[in-house]
Amino acid sequence: MTLHLFNTLSGQLDELVPADGAELRMYVCGPTVYDYGHIGNFRTFLEVDVLRRFLKLMGMRLRHVMNITDVDDKIIRNAAAAGIPIGEYTPKFVDAFFEDLESLRVERPEAIARATEHIDKMVELIQKLAAAGAAYQVEDGSWYFRLAAFPEYGKLSKKDLSGMEDGARVDVDEYEKDSARDFALWKAAKPGETAWETAIGRGRPGWHIECSAMAMEYLGESFDLHAGGEDLMFPHHENEIAQSESVTHKPLARHWMHVRFLLVDGKKMSKSEGNFYTLRDLLLKGYKASAIRMALISVPYRHQLNFTFDGLTEATNAIDRLRTFHQRLSQTSFGPGESDAIQVAAHKARAEYFDAMANDLNTAEARAPIFDLLRTANTAIDKGQFLAGDRDAVLKVLADFDAVFDVIADRDAEPTKRALAWAEQAGRQADVAPELLARVALSDDDIENLVAERTQAKKLRNFARADQIRNELLDKGVVIEDSKDGVRWKRK
RNA sequence: GCACCGGUGGCGAAGUGGCUAACGCACAGGUCUGCAAAACCUGCAUUCGCGGGUUCAACUCCCGCCCGGUGCUCCA
C-alpha cells in the first residue's frame with residue numbers, strides 16, 4: 001500500500017514514495033518565532049504529523065526537516081521594542097513552540113534548522129545566484145532575485161504572471177529594483193538593526209532564501225516532499241523554487257503538500273477580528289489538548305476547517321467514547337478463544353481505515369470504520385459473545401488508529417498542568433477557567449478515596465450518601481460508572 | 001476585478017452516475033441499573049444551495065445563478 005497524496009505541483013493525487021527507495025526526505029516550513037503559536041499554525045503542524053505518523057505506520061523511514069525562522073522583520077521589531085537583541089528575544093518562543101507541539105502530541109522532525117545558524121549557506125546560495133545572473137545588488141546593498149531569469153516562475157501556484165505588469169500596487173520605495181516583482185534575497189542593514197558581516201555585505205537574509213538554503217543543506221538539491229500552509233504556496237514556495245532551481249536546474253521537491261487554512265467562526269483568524277486563539281488560550285479555558293488535536297485533524301487537510309468551541313466539545317465527547325471503550329476492553333474479563341464475527345469485523349475495519357488514510361489522508365473517512373468496530377464489539381460484549389482473542393484483535397486496530405490520531409491514551413494532565421504553570425508565570429491567571437482549577441485541585445488519590453467510600457456506602461445500601469459522593473465528583477469533572485467488573489471512573 | 005475552494009439531517013463531516021446517502025456529536029423513546037453512568041436497540045436527510053441540460057438513471061457530469069470562504073500583499 002502506498003499513500004496517494006495530492007501534489008500541488010502536478011495538480012493531482014500522486015504516490016508518495018522516496019526517490020531513493022529507502023528514506024522519504026521532506027522539508028516543512030516551520031514557525032517564525034516572534035510570538036506564541038496560534039491554533040492556525042498548529043493545524044499545519046498537526047496535519048504534517050498525521051502524514052508523518054501514517055507513513056511510519058506503513059513502514060516508511062523518514063528524514064523530516066523543519067526550519068525555525070528566528071530572524072525577520074517582526075522579530076527585529078518586537079525585540080527592539082523589548083530592548084533586547086533578537087538572540088535573547090526568540091529562545092522563549094522557540095521553547096514555547098516545542099512545548100506546544102508536545103502538548104498536541106506532534107512528533108519532532110528528525111532535524112530542526114535555525115535560520116541564524118545557517119547564514120553562511122544562504123550567502124553561498126546568493127553568490128551562486130549572482131554568478132548565474134539571477135541575483136543583483138542594488139544601491140543600498142540589498143540583493144534581489146531577478147524574476148526574468150526564471151521563466152518557469154508560477155508553475156507551483158499556477159499563476160499567470162504575464163498580466164501582472166509592473167505598475168499597480170508597487171511599493172514605491174523599491175524603485176531600485178529592476179522589476180517590481182523581484183523579491184529580496186538579502187536585506188542590507190539599516191542603522192541599529194541586527195546584521196551579519198558577510199562576503200555579500202552587511203545585512204540579513206530574506207525569508208525565502210532561508211528555506212532554500214537549509215532545505216538543500218539537509219536534504220540535497222532535490223528531495224521528495226515539501227510541505228507548508230496554503231498561504232506559503234505563493235509567493236514563498238514559488239520563490240524557493242526559483243532560487244533553488246536557478247542554481248541546480250533540478251526540481252527542488254518532487255511533491256508539494258499544502259494544508260488549507262483554519263477559520264474561526266467562518267472567518268480567517270486575526271487579532272483584529274477578535275477570533276485569535278493560541279493553544280494556551282484554549283488550555284486555560286479548560287479544553288483538553290487531545291480534543292484540540294482531534295478537532296483539528298478530523299477534517300481532512302485539503303479542506304478549510306472551521307474552528308468552533310462546539311467542535312471542541314464534539315471532539316471531547318468522541319474521544320470519551322473511544323477511551324471508555326478502550327477501558328472496557330482492557331478491564332473486562334473475557335472467555336478464552338475468538339469469534340469469527342469479531343475477527344472479520346476487526347480485519348475489515350483495519351483495511352478500511354488504511355484505505356481511507358492512503359487516499360490523501362482522509363481522516364474523516366478513516367474514523368468511520370473505527371467507530372463501526374466499536375459498536376460491533378460493544379454489542380458482542382453485551383451479548384457475552386466477545387472472547388479474549390477478540391480483545392487482542394480489536395486492540396490492535398485501535399493501536400493502528402492511535403498510531404496516527406494519538407488521542408485514546410489519556411495524556412491530557414501534563415499539558416493542562418504546564419499551561420496553568422505558565423499562566424501563573426506570565427500573569428494570565430485571570431484567563432484560567434474556574435472549573436479547571438477545581439478539577440486539577442482533585443488528585444487521583446482523593447478520587448480513589450471518595451470512590452471507595454461510595455462503594456462502602458452502597459454496600460450498606462446508604463444510597464443517599466453514595467449519590468452525594470457521585471454528584472460531588474461529577475461537579476469536579478469525574479464520572480463514575482458501576483459495572484460488573486467493579487467501579488470505573490474517569491475525568492471528563 | 002481575476003483565480004481557486006465549498007454549499008449534504010439540529011451541528012460537524014464522508015461519499016458515489018444506479019444497492020437502505022458513512023461516521024461523530026446532539027436530541028427522543030426503550031433495555032439494563034437501587035438511581036445513574038456506560039453500553040445496546042429504535043427513531044431522527046423520500047433528500048444532498050437554486051434553475052436548466054445530458055442520461056434509461058444525477059446529490060454525483062455540463063451550463064447559468066445565488067450564498068459563504070480563501071488567494072492575488074507579511075501570514076500556518
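Worth saying up front: this structure is predicted, and the values here are computed from it rather than measured. Note on naming: letters A, B, ... go to the chains in the order of the sequence lines (proteins, then strands), and numbering restarts at 1 for each one.
Nucleotides B:A39 and B:U33 place their C1' atoms 12 Å apart, quoted to the nearest Å. Taking atom P in both B:G52 and B:U47, the straight-line distance is 16 Å, to the nearest Å. Between B:U31 and B:C23, the two C1' atoms lie 24 Å apart (nearest whole Å). For the P atoms, the distance linking B:C62 with B:C4 amounts to 13 Å, nearest Å. With P as the reference atom, B:G53 and B:G12 are 32 Å apart, rounded to whole Å. When the C1' atom is compared between B:C19 and B:G71, the two are found 41 Å apart, to the nearest whole Å. Between B:A45 and B:C11, the two C1' atoms lie 14 Å apart (nearest whole Å). Separating the C1' atom of B:A22 from that of B:A3 is a span of 33 Å, rounded to the nearest Å.
With respect to the salt-bridge test (charged N to carboxylate O, under 4.0 angstrom), the residues A:Arg53 and A:Asp49 qualify. Between A:Arg454 and A:Asp482, at least one side-chain nitrogen of the basic residue sits less than 4.0 Å from a carboxylate oxygen of the acidic one, meeting the salt-bridge criterion. Ion pair A:Glu99/A:Arg280 flagged as a salt bridge, since at least one NZ, NE, NH1 or NH2 atom sits closer than 4.0 Å to an Asp/Glu carboxylate oxygen. At a threshold of 4.0 Å, the pair A:Asp406-A:Arg293 does not count as salt-bridged, since none of the basic side-chain nitrogens sits closer than that to a carboxylate oxygen.
For the pair A:Tyr27 OH and B:A76 P, the computed distance is 13 Å after rounding to whole Å. The NZ atom of A:Lys267 sits 16 Å away from the C1' atom of B:G71 (whole-angstrom rounding). We find that CG of A:Asp49 is positioned 15 Å from C1' of B:A76, with the value rounded to whole Å. Remark: P of B:A76 and CG of A:Leu279 are 16 Å apart, rounded to the nearest angstrom. Between the CZ atom of A:Phe183 and the P atom of B:C74 there is a distance of 11 Å, rounded to whole Å. Atom CZ in A:Phe234 sits about 13 Å away from atom C1' in B:C74, given to the nearest Å. Between the CG atom of A:Leu305 and the P atom of B:G69 there is a distance of 16 Å, given to the nearest Å. Between the NZ atom of A:Lys268 and the C1' atom of B:U70 there is a distance of 8 Å, rounded to whole Å.
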Per-nucleotide protein contact string for nucleotides 25-39 of chain B (B base, S sugar-phosphate only, - none; heavy atom under 4.0 Å) = SS-------BBBBSS
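Out of B:A76, B:G69, B:G71, the shortest distance to the side chain of A:Arg260 is found at B:G69.
Pair assignment for B:A45 gives none, since no Watson-Crick or G-U wobble pairing has each distance under 3.5 Å. Pairing of B:C56, defined by two Watson-Crick or G-U wobble distances under 3.5 Å, is identified with B:G18. B:A13 is unpaired under the Watson-Crick or G-U wobble criterion, no partner having all donor-acceptor distances under 3.5 Å. Across the strands present, B:A37 finds no partner; the criterion is a Watson-Crick or G-U wobble pair with both atom distances under 3.5 angstrom. Of all nucleotides present, only B:G71 satisfies the Watson-Crick or G-U wobble test against B:C2, with each distance under 3.5 Å.
Side-chain contact check for A:Tyr353 and A:Asp400: no donor-acceptor pair (N or O, by modelled atom type) lies under 3.5 Å. Donor-acceptor pairing under 3.5 Å is recorded for the side chains of A:Arg323 and A:Ser290. Side-chain atoms of A:Asp281 and A:Thr278 form a donor-acceptor pair, as typed in the model, at a separation below 3.5 Å. Side-chain contact annotation: A:Ser339 with A:Gln385, donor-acceptor N/O pair under 3.5 Å absent.
Each of A:Arg491, A:Lys490, A:Arg439 was evaluated against A:Asp444; a single residue qualifies, A:Arg491, per the salt bridge (Lys or Arg N to Asp or Glu O under 4.0 Å) test. Results of the ring-ring contact (aromatic ring centres under 6.0 Å, His included) test with A:Phe93 over A:Tyr34, A:Tyr36, A:Phe98 single out A:Tyr36 as the only residue that passes.
A:Gly311 comes within contact range of no nucleotide atom at all, as no heavy-atom separation falls under 4.0 Å. Note on A:Arg367: only backbone sugar-phosphate atoms sit closer than 4.0 angstrom, heavy atoms only; bases stay farther off. If you check every strand for non-hydrogen atoms under 4.0 Å, A:Leu262 touches a base.
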Output one line per pair: protein atom, nucleotide atom from nucleotides 14-18 of chain B, and distance, for all N/O pairs under 3.5 Å.
unit_1 : atom_1 : unit_2   : atom_2 : d
B:A14  : OP1    : A:His303 : NE2    : 3.4
B:A14  : O3'    : A:Asn362 : ND2    : 3.0
B:G15  : OP1    : A:Asn362 : ND2    : 2.9

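In terms of modelled atom types and a separation under 3.5 Å, the side chain of A:Asp224 and the main chain of A:Arg25 share a donor-acceptor contact.
Each of A:Ala366 and A:Val259 was assigned the nucleotide of RNA chain B with the nearest heavy atom; the assignment lying further toward the 5' end belongs to A:Ala366.
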